[in-house]
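Reviewing the structure listed below.
Naming convention: chains lettered A, B, ... in sequence-line order (proteins, then strands); numbering from 1 in each chain.
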2 protein chains.
Amino acid sequence: MTGKHIHILEVAEQLFAEKGFDGTSVRDIAGKAGVNLAMISYYFGSKEKLMASLIDFRSGYTRGILEELNKDESLSSWDKVERLIDLYVDKILNNYKFHCIMTQHLPTVQSDEIREMITDIKAKNFEHVKKIITEGQRKKVFRKVDMELTVGTVMGTIAQVTSSKNLYCRLLNINKDDEEGYRKKMIPKLKTHLKQMLKAHLDINNQE
Amino acid sequence: MTGKHIHILEVAEQLFAEKGFDGTSVRDIAGKAGVNLAMISYYFGSKEKLMASLIDFRSGYTRGILEELNKDESLSSWDKVERLIDLYVDKILNNYKFHCIMTQHLPTVQSDEIREMITDIKAKNFEHVKKIITEGQRKKVFRKVDMELTVGTVMGTIAQVTSSKNLYCRLLNINKDDEEGYRKKMIPKLKTHLKQMLKAHLDINNQE
DNA sequence: TTTTATTAATTAAACGTTTGATTGATTTAA
DNA sequence: TTAAATCAATCAAACGTTTAATTAATAAAA
């Protein structure tokens with residue numbers, strides 16, 4: 001993977017996020033990336049394989065962070081939850097475009113291979129979060145909760161902020177083209193909200 | 001709007017949800033609906049206007065439900081939250097396909113008109129929910145929470161269940177093609193989870 | 001070191017197919 | 001009879017991909 005490969009992937013990422021996979025032509029990508037049309041087939045084989053390369057490229061670089069978090073014996077269950085939230089919010093808001101592709105276009109992707117790739121990544125993430133919550137329950141710090149949907153709530157809340165960006169820009173009086181301003185305002189807001197909510201949701205002292 | 005119009009919209013809805021707006025051709029729609037290709041232009045003007053018609057068609061029939069809920073003076077704030085959750089979960093899970101289109105394809109829709117349409121609907125929904133929570137706070141029943149993101153959590157959790165259906169089918173051992181089985185299992189699960197979580201999140205007795 | 005052979009990278013042009021939309025003829029219903 | 005509905009046929013444009021030719025880079029031979 002040379003720098004040129006990566007440059008094409010980054011351009012494709014932006015276009016896919018803005019216009020969708022089917023809404024983006026390989027000519028769009030080639031044009032914006034400043035490379036010849038044929039280079040995309042030459043480099044990646046096809047448009048579909050370019051997408052697979054993009055997923056591979058982006059999902060690779062955060063791999064391992066969750067493993068580390070889970071291994072850390074010095075952290076309390078509450079600490080782990082807080083760090084988890086920080087991690088996810090940062091990760092997703094700072095990879096806004098890629099996350100848009102992952103969530104928005106997943107159900108429309110026709111390729112079984114790509115769909116399985118994405119589901120696998122999500123399933124692996126789920127297992128890590130589940131481990132943290134289960135440990136907290138074993139330690140009698142967390143109460144019994146719906147495991148799948150508690151994870152779904154964390155993911156879904158963050159996803160909502162990216163997928164309904166237009167709405168939140170309007171509600172918070174942010175210029176909808178000011179990506180940086182949106183991130184700056186939304187990241188701490190998201191972290192605070194999720195921590196406050198999970199604190200109430202998971203606390204064993206809050207009875208059913 | 002005749003029955004034939006509606007039939008085409010329903011077919012288009014399913015295809016848009018499965019393959020995306022750009023991934024669906026008007027020939028796909030005409031073929032599956034059993035009408036002549038030219039009828040789509042004849043009826044709706046264009047593919048884009050068909051999409052606008054679909055949004056108008058689907059978003060119309062739930063309008064007014066939230067207004068009613070807010071007007072009901074006999075309900076406590078907790079009751080209203082519970083009813084709100086029931087309403088949203090039923091509405092979205094039973095209009096799974098349309099909701100997929102609304103959330104997944106919104107950011108990729110090029111037409112400003114359609115984007116504004118969707119954002120307007122969401123903003124209106126937000127105001128209704130905000131009203132319920134604000135009222136509960138005024139009555140000293142709910143604590144202070146992040147208004148925008150609390151609504152975002154409810155919406156996001158439900159959206160997550162529809163957009164990551166593949167993942168949840170795997171986690172819950174449901175055949176991923178069994179739409180009905182998924183709904184049957186997920187609707188009560190979602191309602192219980194959201195109620196439990198919001199109960200903890202909003203309760204004024206759960207201090208920061 | 002220079003020349004030659006081989007591979008890799010890049011290009012413009014063209015491929016066949018599909019796209020959204022429209023036409024003008026034909027059928028149906030009022 | 002007249003207007004609306006439906007049809008097959010057609011359009012130009014855009015699509016993803018491939019081609020054949022050319023340039024740049026590398027390796028082998030002199």
Next item on the list: To the nearest 0.5 Å, tell me how far L50(A) CG sits from I29(A) CD1.
Entry: 5.5 Å
Checklist line | Partner of E13(B) by salt bridge (charged side-chain N to carboxylate O under 4.0 Å, His left out), out of R58(B), K19(B), K32(B) | finding: R58(B)
Margin query: How many whole angstroms separate atom NZ of K47(A) from atom P of dT18(D)?
Written below: 14 Å
Next item on the list: Report the distance from atom NZ of K47(A) to atom CZ of F21(A), rounding to the nearest 0.5 Å.
Entry: 4.5 Å
Checklist line | Flag for S53(A)-D56(A): side-chain donor and acceptor within less than 3.5 Å | finding: no
Checklist line | Gap between atoms CG and C1', on L37(A) and dA14(C) respectively (whole Å) | finding: 11 Å
What does the list of N/O pairs under 3.5 Å between the protein and nucleotides 26-30 of chain C look like, with a distance for each?
none

Note to self: Using a heavy-atom cut-off of 4.0 Å across all strands, would you classify K4(B) as base, sugar-phosphate, or nothing?
What the structure shows: sugar-phosphate
Check: Do K176(A)'s NZ or CZ and the ring of Y182(A) fall within the cation-pi criteria of under 6.0 Å and 45°?
Finding: no
Margin query: I'd like to know if the side chain of H193(A) pairs up with that of T153(B) as donor and acceptor (distance under 3.5 Å, no hydrogens or angles considered).
Written below: yes
Checklist line | Carboxylate-amine/guanidinium proximity below 4.0 Å for K131(B) and E135(B) | finding: no
Next item on the list: Please report, rounded to the nearest Å, how far the P atom of dG24(C) is from the CG atom of N36(B).
Entry: 16 Å
Margin query: Heavy atoms within less than 4.0 Å of DNA chain C: which residues of residues 5-23 of chain B have one? Give them sorted by number.
Written below: none
Check: Under the 6.0 Å and 45° cation-pi test, does K4(B) pair with Y43(B)?
Finding: no
Notebook entry, point to check: Got a sec? Which of residues 38-46 of chain B come in under 4.0 Å of DNA chain C, heavy atoms?
Noted result: A38(B), S41(B), S46(B)
Check: For R27(A) and dT19(C), what is the distance between atoms CZ and P respectively, to the nearest whole Å?
Finding: 15 Å
Notebook entry, point to check: Using 30° and 60° as the class limits, which term best fits the ring planes of F142(A) and W78(A): parallel, tilted or perpendicular?
Noted result: perpendicular
Note to self: Under 4.0 Å, heavy atoms only, any strand: does T24(A) hit a base, just the sugar-phosphate, or nothing?
What the structure shows: sugar-phosphate
Item checked: Pair K189(A) + E148(B), salt bridge at N-O below 4.0 Å -> yes
Next item on the list: Quickly work out the D28(A) CG to dT17(D) P distance and round it to whole Å.
Entry: 14 Å
Next item on the list: Could you tell me whether R170(B) and D120(A) make a salt bridge, using a distance below 4.0 angstrom between a side-chain N and a carboxylate O?
Entry: yes
Notebook entry, point to check: For dT18(C), does OP1 or OP2 lie under 4.0 Å from any side-chain N or O of S25(B)?
Noted result: no
